Amino acid sequence: VMIVNVASKCGLTPQYAELQELYETYKDIGFEIVGFPANNFNNQEPGENSAIKEFCSAEYSVTFPLMSKISVAGPDKAPIYEWLTDKDKNGITDQEVSWNFQKYLIDRNGNLEAVVQPKTTPMSKEVLEWLKSEE
């Protein structure tokens, strides 16, 4: 599973295209991408859930799951991101979300394995090698 915080008005928004490509390529081996829209960085995800899903569908033909908008940082951080960002909970790393499109890679057993920085694209060597190791 790849968990990624997404935003529709970010300079990294074109990563939706690679996220969709990655999903289509690897979904048959059980790979999932779960997108969490979040408005924590420079008001780059201001829309409501329905508008976000419509944008992703119309602009990038997104078919991987998009959850309801949440907070990925700060005092109202969603529980999933509390786990992802706290070593005491995930057992691997303290890694706060630095920007939109930060990716967290979770193995088949539900363990956090890696954090992929926002500017590293979904089709990067790092992600592809991780996926091949999970096959």
Side-chain angles (χ1 to χ4, degrees):
V1 175
M2 174 186 284
I3 294 177
V4 56
N5 61 301
V6 295
S8 302
K9 299 187 182 306
C10 176
L12 300 176
T13 299
Q15 284 192 22
Y16 270 123
E18 281 195 18
L19 287 167
Q20 182 60 32
E21 180 183 356
L22 190 69
Y23 179 66
E24 288 176 7
T25 302
Y26 292 96
K27 68 182 180 180
D28 291 339
I29 65 162
F31 176 64
E32 286 291 338
I33 295 174
V34 182
F36 285 93
N39 196 35
N40 294 94
F41 306 103
N42 286 356
N43 200 35
Q44 294 183 346
E45 189 58 275
E48 297 298 322
N49 291 325
S50 59
I52 295 165
K53 288 184 181 191
E54 174 60 31
F55 169 82
C56 291
S57 178
E59 296 296 320
Y60 295 100
S61 302
V62 166
T63 60
F64 58 84
L66 285 173
M67 301 294 108
S68 295
K69 190 161 66 170
I70 63 169
S71 177
V72 300
D76 60 342
K77 185 189 307 181
I80 183 73
Y81 275 85
E82 288 178 8
W83 180 79
L84 290 169
T85 60
D86 185 341
K87 185 176 182 175
D88 290 339
K89 295 177 182 176
N90 64 47
I92 300 294
T93 187
D94 287 318
Q95 181 71 54
E96 291 298 323
V97 179
S98 62
W99 200 254
N100 303 308
F101 292 89
Q102 186 155 313
K103 301 145 201 82
Y104 293 85
L105 304 178
I106 300 172
D107 71 13
R108 292 181 184 274
N109 296 316
N111 300 307
L112 177 64
E113 287 211 339
V115 180
V116 180
Q117 295 304 307
K119 289 184 180 179
T120 302
T121 66
M123 297 294 285
S124 69
K125 182 179 178 182
E126 176 182 358
V127 172
L128 294 177
E129 285 180 356
W130 176 77
L131 276 166
K132 289 181 196 306
S133 76
E134 289 292 307
E135 287 185 288

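Quantities reported herein were computed from a predicted structural model and do not represent experimental measurements.
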Minimal non-hydrogen separation, [X] against [Y], with atom names:
X    : Y    : answer
F64  : Q20  : CD2-OE1, 3.4 Å
Y81  : V4   : OH-C, 3.6 Å
A78  : I70  : CB-CD1, 3.7 Å
Q102 : Q95  : NE2-CG, 3.7 Å
P14  : C10  : CD-O, 4.2 Å
D107 : E113 : OD2-OE2, 3.1 Å

Taking C-beta and beyond as the side chain, do [X] and [Y] meet within less than 4.5 Å on heavy atoms?
X    : Y    : value
M2   : F31  : yes
V34  : Y104 : no
V97  : N40  : no
L131 : L22  : yes

(request) Evaluate the side chain to side chain contact (heavy atoms under 4.5 Å, CB included) criterion for residues T13 and F101: first the C-alpha distance (whole Å), next the side-chain angles of each, then the deciding distance (0.1 Å), finally the verdict. (result) CA-CA 8 Å; T13 299; F101 292 89; 4.2 Å; yes
(request) For side chain to side chain contact (heavy atoms under 4.5 Å, CB included), just list the numbers for E96 and K77, CA-CA rounded to whole Å, side-chain angles, deciding distance to a tenth of an Å, and then say yes or no. (result) CA-CA 11 Å; E96 291 298 323; K77 185 189 307 181; 2.9 Å; yes
Looking at [Y], is its backbone amide N or carbonyl O close enough to the side chain of [X] to form a donor-acceptor pair, meaning the two atoms are under 3.5 Å apart?
X   : Y   : result
K9  : P46 : no
N49 : S68 : no
N39 : Q44 : yes
S57 : E54 : no

(message) Taking CD in E24 as the centre, count heavy atoms belonging to other residues, nucleotides or ligands within less than 6.0 Å. Is the count above 12?
(response)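 Correct, the count exceeds 12.
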Rounded at 0.5 Å granularity, tell me how far [atom1] in [X] sits from [atom2] in [Y].
X    : Y    : atom1 : atom2 : answer
K103 : Q15  : NZ    : CD    : 4.0 Å
D94  : D88  : CG    : CG    : 6.5 Å
I33  : L19  : CD1   : CG    : 5.0 Å
N111 : I106 : CG    : CD1   : 9.0 Å
K132 : K125 : NZ    : NZ    : 11.5 Å
Y23  : E32  : OH    : CD    : 4.5 Å

(request) Please check if I3 and I52 belong to a single hydrophobic cluster, counting links between Ile, Leu, Val, Met, Phe, Trp and Tyr side chain heavy atoms closer than 4.5 Å. (result) no
(message) Could you go through N5 and F41, starting from their C-alpha distance and side-chain angles, then the distance that decides it, and tell me whether this counts as side chain to side chain contact (heavy atoms under 4.5 Å, CB included)?
(response) CA-CA 11 Å; N5 61 301; F41 306 103; 3.9 Å; yes
(request) Run the numbers on N90 and D86 for side chain to side chain donor-acceptor pair (under 3.5 Å), then give the verdict. (result) CA-CA 6 Å; N90 64 47; D86 185 341; over 6 Å; no
(request) Measure the acute angle between the ring planes of F55 and Y60, then classify it against the limits of 30° and 60° as parallel, tilted or perpendicular. (result)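 Answer is perpendicular, since the angle exceeds 60°.
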(request) Applying side chain to side chain contact (heavy atoms under 4.5 Å, CB included), run through E45 and N100 and close with a yes or a no. (result) CA-CA 9 Å; E45 189 58 275; N100 303 308; over 6 Å; no
